[in-house]
Novice: 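A single structure is presented below for examination.
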Amino acid sequence: MKAEGFDPKNPNHIRATVGAYAQNLARFHDPSGDGYRFLTDQIIATAQYNPSLSFNLAKLTFIDFEKLPEKQKKLLAAESKRLLSSDLPPEVYELLNRVAAAK
């Protein structure tokens, strides 16, 4: 994301980099929770200028929530609480409520 020419407001750049990161399961599900924090930061940032992209990143982040081990669920649930305290599109709140109901 620090490469020359990268535009953080270009949806294609975000989808390519953040999407690839989320597919790197070892980094995304890092035991420290750093992967979840990174995706949450991106969801919050993109919500300000592209609600649709923010929603797609949220879906990518929480798609396998129910299948995660308990430790990972707790880390990701903490990030969902951080998201709920942010200014997000209604679709993201709806997704987070479905995740919360699945706990």
Novice: Ignoring hydrogens and angles, tell me if any N or O in the side chain of His13 forms a donor-acceptor pair with the backbone of Phe6 under 3.5 Å.
Specialist: no
Novice: For the atom pair CD (Gln48) and NZ (Lys9), what is the distance rounded to the nearest 0.5 Å?
Specialist: 9.0 Å
Novice: Would you say Asp64's side chain and Lys67's backbone share a donor-acceptor pair under 3.5 angstrom?
Specialist: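 Pair absent, no side-chain N/O of Asp64 close to backbone of Lys67.
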Novice: About how many Å separate CG of Leu53 and CZ of Arg15, when rounded to the nearest 0.5 Å?
Specialist: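 Arg15 CZ to Leu53 CG: 5.5 Å, rounded to 0.5 Å.
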Novice: Please answer: with hydrophobic residues joined when any side-chain heavy atoms are less than 4.5 Å apart, are Leu60 and Tyr93 in the same cluster?
Specialist: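 Unlinked, Leu60 and Tyr93 end up in two clusters.
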Novice: Between Arg98 and Glu94, is there a salt bridge with N-O shorter than 4.0 Å?
Specialist: yes
Novice: Tell me whether Ser86 contacts the main-chain N or O of Ile44 through its side chain, where contact means a donor paired with an acceptor under 3.5 Å.
Specialist: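 No, Ser86 side chain to Ile44 backbone: no donor-acceptor pair under 3.5 Å.
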Novice: So, do Pro8 and Met1 sit near enough that their side-chain heavy atoms are less than 4.5 Å apart?
Specialist: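 A side-chain contact under 4.5 Å is absent here.
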Novice: In terms of side-chain geometry, is the basic nitrogen of Asp41 or Arg82 positioned less than 4.0 Å from the acidic oxygen of its partner?
Specialist: yes
Novice: Once rounded to the nearest 0.5 Å, what's the spacing between atom CG of Leu84 and atom CG of Asn97?
Specialist: 6.5 Å
Novice: Tell me, do Thr61 and Leu83 make a side-chain contact under 4.5 Å, heavy atoms counted?
Specialist: no
Novice: Please determine whether side chain to side chain contact (heavy atoms under 4.5 Å, CB included) holds for the pair Asp34 and Arg37, giving the CA-CA distance in whole Å, both sets of side-chain angles, and the decisive distance to 0.1 Å.
Specialist: CA-CA 5 Å; Asp34 286 345; Arg37 273 188 293 284; 2.4 Å; yes
Novice: Under the side chain to side chain contact (heavy atoms under 4.5 Å, CB included) test against Phe62, which residue among Leu96, Leu57, Val92, Leu68 passes?
Specialist: Leu96
Novice: Please identify each residue that fulfils ring-ring contact (aromatic ring centres under 6.0 Å, His included) with Tyr21, with sequence neighbours left out.
Specialist: Phe38
Novice: Can you see which heavy atom on Ala77 is nearest to which on Ser80, and at what distance?
Specialist: O-OG, 2.6 Å
Novice: About how many Å separate CG of Asn12 and OG1 of Thr17, when rounded to the nearest 0.5 Å?
Specialist: 10.5 Å
Novice: Are more than 12 heavy atoms from other residues, nucleotides or ligands located less than 6.0 Å from atom CD1 of Ile63?
Specialist: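 Check fails, neighbour count at 12 or below.
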Novice: Just how far is it from atom CD of Glu91 to atom OG of Ser54, taken to the nearest 0.5 Å?
Specialist: 9.0 Å
Novice: Sequence neighbours left out, what passes ring-ring contact (aromatic ring centres under 6.0 Å, His included) with Tyr36? Give chain and number order.
Specialist: Phe28, His29
Novice: Please give me the minimum heavy-atom distance between Pro31 and Leu75, naming the atom from each residue.
Specialist: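 Pro31 and Leu75 have their closest heavy atoms at O-CD1, 3.4 Å.
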Novice: Measuring from atom OG1 of Thr46 to atom CG of Asn56, what distance do you get when rounded to the nearest 0.5 angstrom?
Specialist: 9.0 Å
Novice: Quick one: do the Ser32 and Asp30 side chains pair a donor with an acceptor below 3.5 Å?
Specialist: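 Side-chain D/A pair, Ser32 to Asp30: present.
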